[in-house]
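Data first, discussion second: the structure below is written as structure tokens.
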There are 2 protein chains.
Amino acid sequence: MQKNTRGSLIWLRLTRFTHQSNLLSNDFLKQFDLTTAQFDVLMQISTYEPLTQSELAEKVTVTQGGISRMLARLEKEGLIERKQEWKTKTISLTNKGREKLENAFEDQLEFQSSFFDECLSEEEQKMLYLLMSRVQKNSEKKKLPNR
Amino acid sequence: MQKNTRGSLIWLRLTRFTHQSNLLSNDFLKQFDLTTAQFDVLMQISTYEPLTQSELAEKVTVTQGGISRMLARLEKEGLIERKQEWKTKTISLTNKGREKLENAFEDQLEFQSSFFDECLSEEEQKMLYLLMSRVQKNSEKKKLPNR
DNA sequence: CATAATCACTTTACCACTCAATTGATGACA
DNA sequence: TGTCATCAATTGAGTGGTAAAGTGATTATG
């Protein structure tokens, strides 16, 4: 079995970094009693509310089933509301949810940025964003038939 | 709530891509009856065998508990062997495991590479690898106290 | 020598995701 | 009007991750 390809090495770096930064982010968000995934969906809701579950699932690239459970937890915690409205459910933040998000927002973005600020210049960050945008969009195109 | 930082945008692209490519990779590996995670640990075992569970956990950056269950499943499928050896367990591939890995290896690496080959030039890929190496190493430094 | 500490691994309970099957409401049409 | 298709959301079974508590053998120490 010969040596790895460049692509597979990039891929490894990406997965390892994402995994690692997720852990650190979870740890960081503990102070706000949130997880990274929860922060992510709260952000999306706050940006696009009101929206349906399927729309949200699309935004955070998670399956219907995943979103359903996630939202059930968030609802139980009182951070979001689901209103059955003419066949679909419309979701929006509660005041408690909005507060919690506003509370964590700045710090979390600062935290996320620190991963790059600490080791890349402006220029390099722009470059990385550009490259990753291309790569990510390309992977979107490969999407499985109906997701 | 103001707009996102550059860092947070990069972060989003990275997580979305990693998630998406993982799904596609799982789908791709279905033909070999493997998951991405399983391929990952089989690769590491094949490279470093024989090794202990803790060493493996280190390599794939997963917790002890996670590795324990993962290996239990792989053992049940007959792909790996665990030999209790003087207090630690030494793991190695079985012939079946080795075969399966060799079978999938080329195709999977080709598949991983395609994500980048399809949208980046040589130069750009080198650049991306360089940047991600820096970023990933930087995140390693931030590791939580005892992992 | 007995008890305590340590070490490698396992187990449990939880979160977050998948796919696939199911439920339940809406709307269409014979 | 009854049935049938459709569509959003839910549920069930499974994977893969975490943290934290538990187990059992080995080594240290009082």
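Chain identifiers are assigned alphabetically (A, B, ...) following the order of the sequence lines, protein sequences preceding nucleic acid strands; residue numbering begins at 1 within each chain. Since the model is a prediction, treat every value here as computed from it, not as a measurement.
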Base, sugar-phosphate, or nothing: which does [X] touch, judged by heavy atoms less than 4.0 Å apart?
X        : result
Gln53(A) : sugar-phosphate
Gln38(A) : sugar-phosphate
Thr35(B) : sugar-phosphate

(message) So, taking the atom named OG in Ser92(B) and the one named CZ in Arg82(B), what distance separates them when rounded to the nearest 0.5 Å?
(response)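 One gets 11.5 Å once the value is rounded to the nearest 0.5 Å.
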Distance, rounded to the nearest Å, where [X] contributes [atom1] and [N] contributes [atom2]:
X        : N       : atom1 : atom2 : answer
Lys76(B) : dT10(C) : NZ    : P     : 15 Å
Gln20(A) : dT18(D) : CD    : C1'   : 13 Å
Lys30(B) : dT15(D) : NZ    : P     : 13 Å
Leu71(A) : dA9(D)  : CG    : P     : 9 Å
Asp40(A) : dC17(C) : CG    : P     : 8 Å
Leu34(B) : dG16(D) : CG    : P     : 10 Å
Gln64(A) : dG24(C) : CD    : P     : 17 Å
Met70(B) : dG14(D) : CE    : C1'   : 12 Å

(message) Could you check whether any side-chain heavy atom of Asn103(A) comes within less than 4.5 Å of a side-chain heavy atom of Glu99(A), counting everything from C-beta outward?
(response)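 Asn103(A) does not reach Glu99(A) side chain to side chain.
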[N], OP1 or OP2 - any side-chain N/O from [X] closer than 4.0 Å?
X        : N       : value
Thr63(A) : dT18(C) : yes
Thr52(B) : dA8(C)  : no
Ser68(A) : dA8(D)  : no
His19(B) : dA16(C) : no

(message) Using only atom types and a distance under 3.5 Å, with no angle test, would you say the side chain of Ser68(A) pairs donor to acceptor with the backbone of Gln64(A)?
(response)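 It does not hold such a pair.
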(request) Tell me whether the guanidinium CZ or amine NZ of Lys59(B) lies under 6.0 angstrom from the six-membered ring centre of Tyr48(B) and within 45° of its axis. (result)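 Yes, a cation-pi geometry.
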(message) Counting the benzene-type ring for Trp, do Phe115(B) and Phe17(B) have ring centres under 6.0 Å apart?
(response)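 Yes.
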(request) Classify the side chain of Arg69(B) versus the base of dT12(C) as yes if they form a donor-acceptor pair under 3.5 Å and no if they do not. (result)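 When only heavy-atom distances are counted, Arg69(B) does not reach the base of dT12(C) through any donor-acceptor pair under 3.5 Å.
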(message) Looking only at the side chain of Ala37(B) (C-beta and beyond, no hydrogens), which of the listed nucleotides dC9(C), dG16(D), dC17(C) gets closest?
(response)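 My answer, after comparing the listed nucleotides, is dG16(D).
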